[in-house]
**Student:** 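Just dropping this structure here.
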Amino acid sequence: MLRLIAEVTLLVVPLLLAVGLVRGVGRSHRLSARLAAGLALGGAATGALSSWAELAILRWTGLSLQADATGSSGALLATFLLAAPLEEALKVLVVWPLYRSHRLTSPVLGLVYAATAAAGFASAEAIALVRSSPFDGLLFTRLALGIPAHLFFAGLWGYWLGSVRGARDKWFSLAWFSAMLLHGVYDHIVFGRGPGFMVAAAPLLIAMALFTWGALREAAPKSGPMVSGRPTLLSALAEPPSLRAMRRALRRTERPLMIHWIAIASLVTIGVMIACIAGAVAVGHRVGIDFAMADEADVRSSGPLVLIGAAVLAAFPIAGYLVAKASAATSVLEPALGALFAIFAVLALLSATAPVAVVFAVAVAPVAFALACGGAWFGLSPS
């Protein structure tokens with residue numbers, strides 16, 4: 001009975017998300033509900049095909065997506081050489097006829113149609129995994145967490161596929177590769193590691209929610225917190241900037257790019273990060289947290305990981321604000337680039353000392369970059 005309820009839930013929820021997206025954006029854009037339904041069916045077909053192909057190939061090679069079965073190296077190989085590229089490529093295959101027939105006339109249409117195809121893909125994949133694996137609450141949680149990632153990362157490359165040059169644009173290739181990489185990282189954390197490390201997926205989930213909110217604000221600028229003249233819960237919350245506002249904030253101003261402030265921003269970010277981590281360790285010892293107890297097999301031992309992760313993320317808005325104030329910047333470009341170089345430096349250090357930690361650092365990187373931009377935003381000088 002519980003398995004049946006889980007199957008129905010995992011089947012319906014992605015499709016409901018797609019319906020909500022189509023209806024919400026359809027108020028200001030010409031969307032075809034029949035076409036969206038066809039894309040969802042096509043996504044479901046490719047999702048079933050992907051699940052069957054992955055299972056067959058993993059059995060043939062002896063690899064596994066789970067680190068406890070074949071080790072971290074085997075799980076990473078299975079994720080980034082098989083699962084992640086295969087899944088994102090099959091989703092593109094579903095949307096590709098629309099691009100070839102010139103029906104993706106705007107980035108918003110590309111985003112919505114790609115996410116709709118991904119919703120069907122997520123439903124079919126979830127049903128296949130429930131039926132082919134021992135079912136329990138942990139599997140249901142993992143599959144539920146996997147649903148928003150399918151829609152978000154498909155929407156990421158779909159946005160660029162619907163741009164003026166579409167697949168001929170280098171930005172589409174970069175968007176597809178980034179979506180594949182980040183989706184692989186997310187899936188490795190959610191499906192490949194123990195339940196104690198699933199908390200590391202929270203930063204990517206937060207980033208997905210904020211960027212989706214920003215994209216929908218740009219897609220439907222006339223729809224605000226007031227619907228039919230009645231206030232909603234969203235009217236009490238601060239809204240994130242739209243994608244257009246983010247691009248404007250990162251744009252160069254009339255002033256030349258200050259290279260020395262980019263270098264200073266990198267050093268400041270690393271310094272603040274070290275200070276925040278040291279402070280988190282001191283607070284942890286004071287309140288009795290044992291940092292040696294971290295165990296990915298036990299979700300109750302994720303406290304040290306949460307504390308250290310929160311300290312790392314807190315460093316980025318602080319550093320961005322300090323650099324923007326000190327440099328009297330009128331754009332977030334210099335603090336943002338400094339934060340980006342600091343992230344690359346951390347990734348390079350981890351790749352040489354703790355390669356497995358690179359996966360978790362990549363998961364945190366998008367949120368860290370966004371927080372650095374947010375901190376710099378508040379520190380900008382009036383233009």
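Positions are given from 1 along the sequence. Values below: all heavy atoms of this structure, side chains included; hydrogens, waters and symmetry mates excluded. On a predicted model such as this, the values are computed, not experimentally measured, just so you know.
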**Student:** How close do L307 and G284 get, heavy atom to heavy atom, and via which atoms?
**Tutor:** CD2-CA, 3.8 Å
**Student:** Which atom names give the shortest non-hydrogen contact between L347 and A361, and what distance separates them?
**Tutor:** CD2-CB, 3.4 Å
**Student:** Is it the case that one hydrophobic cluster holds both V199 and V190, taking links as side-chain heavy atoms less than 4.5 Å apart, direct or via other members?
**Tutor:** yes
**Student:** Are I308 and V281 side-chain neighbours, meaning at least one heavy-atom pair lies under 4.5 Å?
**Tutor:**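 The answer is yes, as the side chains (C-beta and beyond) meet within the 4.5 Å cut-off.
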**Student:** Just by modelled atom types, is the L145 backbone N or O under 3.5 Å from a matching donor or acceptor in the Y186 side chain?
**Tutor:** yes
**Student:** Say you draw a straight line from OG of S178 to CH2 of W171; how long is it, rounded to the nearest 0.5 Å?
**Tutor:**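 Rounded to the nearest 0.5 Å, the OG-CH2 separation comes to 9.5 Å.
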**Student:** For the CD1 atom of I264 and the CG atom of L267, what is their distance to the nearest 0.5 Å?
**Tutor:** 8.0 Å
**Student:** Kindly compute the distance separating CG (L11) from CD1 (I127), expressed to the nearest 0.5 Å.
**Tutor:** 5.0 Å
**Student:** Provide the closest heavy-atom pair for K91 versus A118 in the form atom of the first, atom of the second, distance.
**Tutor:**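 Scanning both residues, the minimum pair turns out to be CD-CB, 4.2 Å.
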**Student:** Test of understanding: clusters of I, L, V, M, F, W, Y form through side-chain heavy atoms closer than 4.5 Å, transitively. Do V312 and V367 belong to the same one?
**Tutor:**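 Same hydrophobic cluster.
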**Student:** Starting from L181, can I reach L204 by hopping between I/L/V/M/F/W/Y residues whose side chains sit under 4.5 Å apart?
**Tutor:** yes
**Student:** When you compare the side chain of M198 with that of L138, does any pair of heavy atoms fall below 4.5 Å?
**Tutor:** yes
**Student:** Roughly how far apart are T79 OG1 and E54 CD, rounded to 0.5 Å?
**Tutor:** 9.0 Å
**Student:** Quick check: does any side chain N or O of S163 sit under 3.5 Å from a backbone N or O of Y159, one acting as donor and the other as acceptor?
**Tutor:** no
**Student:** Might you confirm whether atom CZ of F341 has over 12 heavy atoms from other residues, nucleotides or ligands at distances under 6.0 Å?
**Tutor:** no
**Student:** Any side-chain heavy atom of S32 sitting closer than 4.5 Å to one from Y113?
**Tutor:** yes
**Student:** Taking the side chain as C-beta and beyond, is there a heavy-atom pair between V94 and F121 under 4.5 Å?
**Tutor:**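 Counting from C-beta outward, V94 and F121 never come under 4.5 Å.
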**Student:** Closest heavy-atom contact between P335 and G320?
**Tutor:** CB-O, 4.2 Å
**Student:** Among I270, I277, V272, whose side-chain contact (heavy atoms from CB on, under 4.5 Å) with I274 holds?
**Tutor:**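 Only match with I274 under side-chain contact (heavy atoms from CB on, under 4.5 Å): I270.
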**Student:** Please check this pair: side chain of T116 against backbone of V112, looking for a donor-acceptor N/O pair closer than 3.5 Å.
**Tutor:**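 Judged by distance alone, yes, a pair lies under 3.5 Å.
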**Student:** Mind checking whether V362 and L77 sit in one hydrophobic cluster, side chains of I, L, V, M, F, W, Y counted as touching below 4.5 Å?
**Tutor:**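 Not linked; separate clusters.
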**Student:** Taking the side chain as every heavy atom from C-beta outward, state whether F191 and L143 have any atom pair closer than 4.5 Å.
**Tutor:** yes
**Student:** Can you confirm whether S72 sits close enough to R193 that some side-chain heavy atom of one is under 4.5 Å from a side-chain heavy atom of the other?
**Tutor:** yes
**Student:** We want to know whether H183 and E87 form a side-chain donor-acceptor pair, criterion being a heavy-atom distance below 3.5 angstrom.
**Tutor:**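 No pair is found: no donor N or O on one side chain lies under 3.5 Å from an acceptor on the other.
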**Student:** So F369 and F316, do their side chains get closer than 4.5 Å, heavy atoms only?
**Tutor:**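 No, every pair of side-chain atoms sits at 4.5 Å or beyond.
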**Student:** When you compare the side chain of R142 with that of L129, does any pair of heavy atoms fall below 4.5 Å?
**Tutor:**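 The answer is no; the side chains never approach within 4.5 Å.
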**Student:** How many angstroms lie between CD1 in I57 and CG in L63, if you round to the nearest 0.5 Å?
**Tutor:** 10.5 Å
**Student:** Identify the heavy atoms of S64 and L58 that sit nearest to each other, and give their distance.
**Tutor:**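 Closest approach of S64 to L58: N-CD2, 4.2 Å.
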**Student:** Short question: side chain of S133, backbone of V130 - any donor-acceptor pair under 3.5 Å?
**Tutor:** no
**Student:** To the nearest 0.5 Å, tell me how far L109 CG sits from Y99 OH.
**Tutor:**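 Separation between the atoms: 15.0 Å.
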**Student:** Taking only residues two or more places apart in sequence or in another chain, which ones pass side chain to side chain contact (heavy atoms under 4.5 Å, CB included) with T9?
**Tutor:**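 For T9, the residues satisfying side chain to side chain contact (heavy atoms under 4.5 Å, CB included) (neighbours in sequence not counted) are I5, V13, F140.
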**Student:** After noting the C-alpha distance and the side-chain angles of V95 and L104, does the key distance pass the side chain to side chain contact (heavy atoms under 4.5 Å, CB included) rule?
**Tutor:** CA-CA 9 Å; V95 185; L104 298 183; 4.0 Å; yes
**Student:** Could you walk me through whether L17 and L21 pass the side chain to side chain contact (heavy atoms under 4.5 Å, CB included) check?
**Tutor:** CA-CA 6 Å; L17 291 175; L21 183 62; over 6 Å; no
**Student:** Where do G338 and S266 come nearest, in terms of heavy atoms and distance?
**Tutor:**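 Smallest heavy-atom distance, with atoms named: O-OG, 3.0 Å.
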**Student:** Is there a path of hydrophobic side-chain contacts, each under 4.5 Å between heavy atoms of I, L, V, M, F, W or Y residues, that connects L82 with F80?
**Tutor:** no
